[in-house]
Amino acid sequence: MREATSQAESWPKVVLTGAQMLFVAFGALVLVPLLTGLDPSVALFTAGAGTLIFHAVTKQSVPVFLASSFAFIAPIQGSVASFGVPATMGGLMASGLVYVAISQAVRLKGTVWLHRLLPAVVVGPVIMVIGLALAPVAVSMATGETSDNIGYGPAIFLSMTSLLVTLLLAVFGRGLLRLVPIMGGIVTGYCLALLMGLVDFTPVREAAWLSVPSFTAPSFHWAAILFMIPVAIAPAVEHIGDMVAIGSVTRKNYLEKPGLHRTLLGDGLATSVAALFGGPPNTTYSEVTGAVTLTRAFNPKYMIVAAIFAIVLAFVSKLGALLQTIPGPVMGGIMTLLFGSIAVVGMNTLVRAGQSLTAPRNLVVVSLILVFGIGGMQFGGGQFTLQGVSLAALVGIALNWLLPKAQEGE
């Protein structure tokens, strides 16, 4: 029945549906590079390439689109500031290889060991650290501190208006509007900035219509690698939830076929290849899963078409230049919500686990992860400095392993 349906689908329908899937993902896809100082055109290219790699590994069986991961926004900002873009790409490439290693361990041993190593009491607060560690960056952008030509008053107006529109669309939007609240907020803020004369179109005028994206080759430094590798833990665990979510929509068990080891492998290779070209890490997109739910577009071919569109658009350099004209306060307003929402995902992970956080063991693990990760604690120096998310994750894993398990009823 499914094969007959697939064969009956015309290519115009496949092309149009694929283009729609890219449109749904577009706002978030380009937001990550804009927030982290990377090239949006490179992100488009690596999202398309990563999606094609994922579908090659999983044999075109899962209707998902891979693009820029929000979990890495704060770590990339911190790493770029400390180590530069090439070293950050080296760290991200190593993160992708963590996925690959986990995928092979899952293939050999199943998933039980993964849940023992990374229970909710570790993963939850680590995700919270990812969201909150660089929250001051969002506030600085929202208040105009990072913009040379925008004062506090106009910056607050732009950032809060963008934030308000995003909130309204996310909460009250219906149909396709509910899937693109971020894009709605950015478009509103951008239009206001245009009316206020705060948009500089010089980069667009100077850019060619077509050109090769500004690819950046990775370099490898221990400090950047150690900083970035633990960040892969939370998205790797979240990947399981993504596969369950899309499986519940299509009524298939993707953890069995093609298998979690294959989906993790595809995600990991997509992330490493993205870093090889200078793009942000890839992850499966919940926005696209929402669009799949709404449109009942279960055919993975749609995602392959979306990936090809993304690669083609990457070479339209005026598009990349236009995206870079978006004022900082507009992005800052959106970031205040995004960073907070990542922290809420971490809180929800703890809540769903149903464990008492005031039990001495859990209290110690969660407290130290949060304070070490957000407070700026660091160990070592030079190339072997441990701080931020990497330190928080390692401390959490070590404490969870070393501390005795709580007794029943405790």
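Numbers here simply count residues along the sequence, with the first being 1.
Between the Thr46 side chain and the Ala43 main chain, a donor and an acceptor come within less than 3.5 Å of each other. With Ser367 contributing its side chain and Val364 its backbone, the two residues share no donor-acceptor pair below 3.5 Å. Without hydrogens or angle criteria, His55 side chain to Val64 main chain gives a donor-acceptor distance under 3.5 Å. With hydrogens and angles disregarded, no donor-acceptor distance shorter than 3.5 Å links the side chain of Thr188 to the backbone of Val165. Counting only distance, with no hydrogens or angles, the side chain of Lys252 and the backbone of Gly247 share no donor-acceptor pair below 3.5 Å. At least one donor-acceptor pair under 3.5 Å links the side chain of Ser272 to the backbone N or O of Met93. Under a 3.5 Å cut-off, the side chain of Ser219 and the backbone N or O of Ala87 do form a donor-acceptor pair. Without hydrogens or angle criteria, Ser211 side chain to Ala207 main chain gives no donor-acceptor distance under 3.5 Å. Thr216 contributes no side-chain N or O that, together with a main-chain N or O of Gly278, makes up a donor-acceptor pair within less than 3.5 Å.
Closest non-hydrogen pair, Val57 versus Gly266, comes out as CG1-N, 3.9 Å. The shortest non-hydrogen separation linking Ser162 to Ile334 is O-CD1, 4.0 Å. The two residues Gly18 and Val305 come nearest to each other via the heavy atoms CA-CG1, 4.0 Å. What you find for Leu370 and Pro125 is that their closest heavy atoms are CD2-O, 3.9 Å. In plain terms, the two heavy atoms of Thr271 and Pro281 that are nearest each other are CG2-CB, 3.7 Å. Here the closest non-hydrogen pair linking Val100 and Ser103 is O-OG, 2.5 Å.
Residues forming a salt bridge (Lys or Arg N to Asp or Glu O under 4.0 Å) with Lys59 (at least two apart in sequence, or on another chain): none. For Phe201, the ring-ring contact (aromatic ring centres under 6.0 Å, His included) criterion is met by no residue, not counting sequence neighbours.
When side chains are defined from C-beta on, Phe72 counts as touching Leu92, because their heavy atoms get closer than 4.5 Å. Looking at heavy atoms from C-beta onward, Leu44 lies out of side-chain contact with Ile311 at the 4.5 angstrom threshold. In this structure, the side chains of Thr349 and Arg352 come closer than 4.5 Å at one or more pairs of heavy atoms. Residues Leu363 and Leu357 fail the side-chain proximity criterion, which asks for heavy atoms closer than 4.5 Å. Glu145 has its side chain out of reach of Val139: every pair of non-hydrogen atoms, C-beta onward, lies at least 4.5 Å apart. Proximity of Val204 to Thr202: side-chain heavy atoms (C-beta onward) are nowhere separated by under 4.5 Å. For the pair Ile304/Thr51, no side-chain contact is recorded, criterion being any heavy-atom separation below 4.5 Å from C-beta on. Contact annotation: the side chain of Ile369 approaches that of Val126 to within less than 4.5 Å [non-hydrogen atoms, C-beta and beyond].
Taking the six-membered ring for Trp, Tyr302 and Phe65 have ring centres at least 6.0 Å apart.
Rounding to the nearest 0.5 Å gives a distance of 8.0 Å between CZ of Phe298 and CZ of Arg251. Between Asp148 atom CG and Asp200 atom CG the span is 11.5 Å, to the nearest 0.5 Å. Atom CD of Gln355 sits about 5.0 Å away from atom CG of Asn362, to the nearest 0.5 Å. Distance check: Asn299 CG to Gln60 CD gives 8.5 Å after rounding to the nearest 0.5 Å. The CG atom of Leu158 sits 6.0 Å away from atom CD1 of Ile150, with the distance rounded to the nearest 0.5 Å. Remark: Ser41 OG to Leu323 CG distance equals 7.5 Å, nearest 0.5 Å.
Checked by atom type, the side-chain pair Tyr190/Thr325 shows a donor-acceptor distance below 3.5 Å. A donor atom on one side chain and an acceptor atom on the other are not found under 3.5 Å apart for Thr283 and His239.
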Derivation of the side chain to side chain contact (heavy atoms under 4.5 Å, CB included) call for Tyr152 and Phe157: CA-CA 9 Å; Tyr152 173 79; Phe157 176 69; over 6 Å; no
Val62 and Met303: CA distance, side-chain angles, deciding distance, side chain to side chain contact (heavy atoms under 4.5 Å, CB included) verdict: CA-CA 9 Å; Val62 190; Met303 306 306 169; over 6 Å; no
Evaluation steps, side chain to side chain contact (heavy atoms under 4.5 Å, CB included), between Ile102 and Val98: CA-CA 6 Å; Ile102 293 174; Val98 170; 3.9 Å; yes
Check against side chain to side chain contact (heavy atoms under 4.5 Å, CB included), Thr161 and Leu192: CA-CA 9 Å; Thr161 303; Leu192 285 173; 3.3 Å; yes
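Residue pairs meeting the side-chain hydrogen bond (donor to acceptor under 3.5 Å, both in side chains) criterion with at least one partner in residues 75-85, sequence neighbours excluded, are Ser79-Thr88.
Remark: Met347 CE is loosely packed, at most 12 non-hydrogen atoms of other residues, nucleotides or ligands lying under 6.0 Å away.
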